[in-house]
Amino acid sequence: MDNATEPGKDQKIWQVVLAIPPGKVAGYGQVAEMAGLGRQARYIGRALGKLPQGHAIPWYRVIRSNGQIAFPQGSERYREQVSLLEAEGVEVVNGRVAMSRFQWR
DNA sequence: ATCTTGACTCAAT
DNA sequence: CATTGAGCCAAGA
């Protein structure tokens with residue numbers, strides 16, 4: 001068997017992210033653990049950043065573990081994420097999401 | 001192979 | 001609540 005990096009890691013992440021229901025959000029570290037990556041929370045962001053166009057991955061449902069957006073407030077990415085979140089019924093205040101919305105189970 | 005950087009997290013101050 | 005330092009791991013130069 002190949003011991004090289006498994007060519008399904010990104011896919012696993014996408015699956016986990018896709019498993020997040022609308023109106024809820026999850027943290028990077030959380031997604032990492034659910035995907036079986038352990039502490040590779042940073043890998044999640046990297047994988048999402050590598051996503052090609054036309055993807056169906058709700059990357060905007062993934063935020064920091066403290067409920068804050070991973071982008072600096074006022075940035076284009078930030079506003080895009082907030083717009084998408086609010087479109088799903090998630091309340092974003094001062095770059096933060098209520099802990100009630102955090103995690104879905 | 002080494003150094004730097006990053007859509008991270010946590011604890012201490 | 002802001003800052004700092006350390007831990008963490010993988011990709012790019």
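Residue numbering restarts at 1 for every chain, and letters A, B, ... go by the order of the sequence lines.
Of the candidates C:dA11, B:dC8, B:dA7, the closest approach to any side-chain atom of A:Phe71 belongs to B:dA7. Proximity note for A:Ser65 (side chain, C-beta onward) versus B:dC8, B:dC10, C:dC9: the nearest is B:dC10.
In terms of modelled atom types and a separation under 3.5 Å, the side chain of A:Arg101 and the main chain of A:Gly89 share a donor-acceptor contact. Of the possible donor and acceptor atoms, one in the side chain of A:Gln81 sits under 3.5 Å from a partner among the backbone N and O of A:Tyr60.
The CG-P distance, from A:Asp10 to C:dA11, rounds to 9 Å in whole Å. B:dC8 atom C1' lies 12 Å from atom CD of A:Glu33, rounded to whole Å. Distance A:Ile44 CD1 to C:dA11 P: 12 Å, rounded to the nearest Å. Spacing between atom CD1 of A:Ile57 and atom P of B:dA7 amounts to 19 Å, rounded to whole angstrom units. Rounded to whole angstrom, the span from the CG atom of A:Leu37 across to the C1' atom of B:dG6 amounts to 16 Å. Taking atom CG on A:Asn66 and atom P on C:dA2, their separation rounds to 11 Å, with Å as the unit. Atom-to-atom, CG of A:Leu48 to C1' of C:dA11 comes out at 15 Å; the value is rounded to the nearest Å. Atom OH in A:Tyr28 sits about 16 Å away from atom C1' in C:dA10, given to the nearest Å.
Between A:Trp104 and A:Ile20 the shortest side-chain heavy-atom distance falls below 4.5 Å.
Smallest separation of non-hydrogen atoms from A:Val31 and A:Ala26: CG2-CB, 4.1 Å. Contact record, A:Tyr78 with A:Asn94: OH-C, 4.2 Å, taken as the closest heavy-atom pair.
Contact of A:Arg64 with B:dC8 (side chain to base): no donor-acceptor pair of N or O atoms is detected under 3.5 Å. Contact of A:Arg46 with C:dA11 (side chain to base): no donor-acceptor pair of N or O atoms is detected under 3.5 Å.
Between A:Lys50 and A:Arg42, the residue anchored closer to the 5' end of DNA chain C is A:Arg42, taking for each the nucleotide with the nearest heavy atom.
A:Arg39 comes within 4.0 angstrom of sugar-phosphate atoms only, judged by non-hydrogen atoms across all strands, and of no base. Within 4.0 Å (heavy atoms only), A:Gly49 reaches at least one base atom of the nucleic acid.
Checking the phosphate oxygens (OP1, OP2) of B:dC8, no side-chain nitrogen or oxygen of A:Tyr43 falls inside 4.0 Å. The phosphate of C:dA10 has OP1 or OP2 within less than 4.0 Å of a side-chain N or O from A:Gln40.
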